[in-house]
Amino acid sequence: MVVRRVLDGLVIVAVGVVLLANTTGFLPWGVWWSIASLWPLLLVAAGIDIIGKGMDNEWLRILSSFVVIGGLAYGALVMTPSGFRMWGVGDAAPRAREVRDFESTTPRDAAIERGSMSVKGGLGKMTVTSGSDLVSVTGRSPFGQPTVTVDKSGNEVEIDLRTPEGRGPLFDWSPADIRLDVALDTNVVWDVEVETGVSEAEVDLSALRVSRVELTAGVSDTKLRLGPFALEDRSVPVRIKTGVSSVVLQVPRGAPVQLTHRGGLSDVNVPAEFDRASSDDGRSVWRTAGFDEGEIGYVIEIDAGVSGVKVETY
């Protein structure tokens with residue numbers, strides 16, 4: 001199949017690009033330690049290829065190439081602290097792009113009771129947590145500051161945050177140069193949507209009241225922390241969609257939770273206090289005792305790609 005041959009060639013090209021970046025000083029040779037630590041992905045890719053060959057399914061075999069390319073990208077761009085540098089001599093190197101700090105704050109409004117927050121991140125490190133303002137956005141980037149739109153209507157607010165796209169040669173900047181920190185008002189009940197790119201993300205909602213959470217993790221290392229269940233009259237849907245990612249989901253010990261997992265190329269670990277309710281049609285369902293009693297709580301759905309998902313209680 002032509003597409004498969006093209007992707008096999010791209011895998012070789014990706015390896016060559018990393019080696020070229022090593023020899024020219026744009027990437028440290030230590031990047032291979034990061035990539036080597038992802039060796040289980042090679043087993044995953046080989047397994048997918050074998051299954052695809054046995055089922056005579058070329059698209060599954062194509063997926064194996066994506067797994068390898070995703071692993072190379074994750075190891076080189078996310079796991080390597082030094083990242084890309086202009087001359088390979090660290091922070092002292094001359095840079096084609098100037099890294100600038102940014103800050104945007106919308107003060108707390110006592111009239112606002114409910115809000116929705118949509119955050120679309122790209123590269124680098126991102127955090128979402130609680131704060132004293134309605135919303136505050138701080139960080140740094142060589143690509144300019146994010147676009148923040150705040151739309152108030154009565155006692156509700158809609159906030160949309162978009163980071164600039166990273167453009168230009170990769171050696172003009174480093175993932176360590178890019179950071180985005182978002183803080184939301186603890187007095188508001190929030191719908192939260194977070195989309196990550198090639199990044200490290202920590203979404204700590206433990207001090208916030210939430211009515212809905214959606215996390216889309218690309219090639220990333222992501223932690224999502226939920227707070228004590230705060231709504232007594234309804235369940236809170238939480239949806240997690242992953243690509244080639246490592247995700248840690250933390251829920252309060254004793255919180256009522258139902259967890260559903262879909263995805264045959266991922267591994268999900270759950271705490272002992274989660275009882276397996278059913279497993280069929282490619283889905284696995286776990287519930288806590290608290291959820292069985294009231295059927296109101298966090299209703300969590302995980303649609304996992306090639307990922308590792310760990311559920312923890314705290």
Side-chain angles (χ1 to χ4, degrees), residues 100-167 178-197 199-218 220 222-241 249-252 255 296-301:
R100 295 185 177 181
D101 295 334
F102 56 78
E103 181 176 1
S104 174
T105 301
T106 301
R108 172 176 285 170
D109 186 338
I112 301 298
E113 299 177 358
R114 302 185 63 88
S116 64
M117 178 70 188
S118 176
V119 182
K120 184 175 182 180
L123 302 165
K125 185 171 184 178
M126 175 170 61
T127 67
V128 180
T129 186
S130 57
S132 57
D133 295 301
L134 183 63
V135 60
S136 67
V137 180
T138 59
R140 61 177 182 266
S141 174
F143 304 111
Q145 69 180 53
T147 300
V148 183
T149 303
V150 179
D151 186 10
K152 298 181 182 179
S153 177
N155 65 347
E156 299 184 355
V157 64
E158 293 184 6
I159 303 174
D160 185 79
L161 186 154
R162 295 290 182 268
T163 59
E165 293 185 9
R167 299 183 180 275
I178 305 172
R179 184 180 180 97
L180 174 67
D181 298 304
V182 181
L184 299 174
D185 188 353
T186 55
N187 290 340
V188 177
V189 178
W190 291 99
D191 284 358
V192 179
E193 296 182 11
V194 177
E195 181 178 343
T196 70
S199 63
E200 177 185 351
E202 183 170 349
V203 183
D204 185 356
L205 309 179
S206 58
L208 296 171
R209 292 177 296 160
V210 295
S211 52
R212 184 176 68 90
V213 179
E214 183 166 331
L215 171 67
T216 303
S220 64
T222 303
K223 179 185 291 185
L224 171 61
R225 186 179 180 102
L226 301 174
F229 190 77
L231 301 183
E232 298 179 355
D233 59 342
R234 53 168 292 187
S235 293
V236 173
V238 179
R239 186 172 185 185
I240 301 173
K241 297 183 288 185
L249 170 63
Q250 297 180 326
V251 296
I296 292 179
Y298 287 117
V299 180
I300 302 170
E301 295 186 5

Set of residues satisfying side chain to side chain contact (heavy atoms under 4.5 Å, CB included) with respect to S153, sequence neighbours excluded: none

Salt bridge (Lys or Arg N to Asp or Glu O under 4.0 Å) involving D133 - partner list, sequence neighbours excluded: none

Those residues that, when tested against T147, pass side chain to side chain contact (heavy atoms under 4.5 Å, CB included) (two or more places apart): T149

E195: partners by salt bridge (Lys or Arg N to Asp or Glu O under 4.0 Å), with sequence neighbours left out: none

Distance-only donor-acceptor check, side chains D181 and T127, under 3.5 Å: yes

L208 to L184 - nearest heavy-atom pair and separation: CD2-O, 3.6 Å

Side chain to side chain, I159 and T106, heavy atoms closer than 4.5 Å: no

Heavy-atom side-chain contact between L249 and L226 under 4.5 Å: yes

side-chain contact (heavy atoms from CB on, under 4.5 Å) evaluation trace for T196 with V203: CA-CA 11 Å; T196 70; V203 183; over 6 Å; no

Non-hydrogen atoms of A183 and S130 that approach each other most closely: CB-O, 3.7 Å

Stepwise side-chain contact (heavy atoms from CB on, under 4.5 Å) check, F143 with I178: CA-CA 9 Å; F143 304 111; I178 305 172; 3.8 Å; yes

Residue pairs involving residues 136-146 (criterion side chain to side chain donor-acceptor pair (under 3.5 Å); sequence neighbours excluded): none

Contacts of type side-chain hydrogen bond (donor to acceptor under 3.5 Å, both in side chains), residue R239, not counting sequence neighbours: D303

For the student: nearest non-hydrogen atoms of P237 and S211, plus distance: CD-O, 3.3 Å

Of all pairs that satisfy salt bridge (charged side-chain N to carboxylate O under 4.0 Å, His left out), the ones with a partner from residues 185-194, not counting sequence neighbours: R108-D185, D191-R212, E193-R212

G121 to M126 - nearest heavy-atom pair and separation: CA-SD, 4.3 Å

Donor-acceptor pair, side chain of T163 and main chain of K120, under 3.5 angstrom: yes

Heavy-atom side-chain contact between V238 and L224 under 4.5 Å: yes

Side-chain heavy-atom pair M117, L161 within 4.5 angstrom cut-off: yes

Contact summary for G115 and V188, nearest pair of heavy atoms: N-CG1, 3.4 Å

Pairs involving residues 145-155, ordered by first then second residue, that meet salt bridge (charged side-chain N to carboxylate O under 4.0 Å, His left out) (sequence neighbours left out): D109-K152

Contacts of E113 that satisfy side-chain hydrogen bond (donor to acceptor under 3.5 Å, both in side chains) - sequence neighbours left out: N155

Non-hydrogen side-chain atoms of E103 and T105 separated by less than 4.5 Å: yes

Results of side-chain hydrogen bond (donor to acceptor under 3.5 Å, both in side chains) for S118 - residues two or more places apart only: R162

Heavy-atom closest contact (W190 atom, L134 atom, distance): CZ2-O, 3.7 Å

For I296, all residues meeting side chain to side chain contact (heavy atoms under 4.5 Å, CB included), sequence neighbours excluded: F229, S235

Listed partners of K241 passing salt bridge (Lys or Arg N to Asp or Glu O under 4.0 Å), at least two apart: E214

Verdict with reasoning, L180 to V119, per side-chain contact (heavy atoms from CB on, under 4.5 Å): CA-CA 10 Å; L180 174 67; V119 182; 4.1 Å; yes

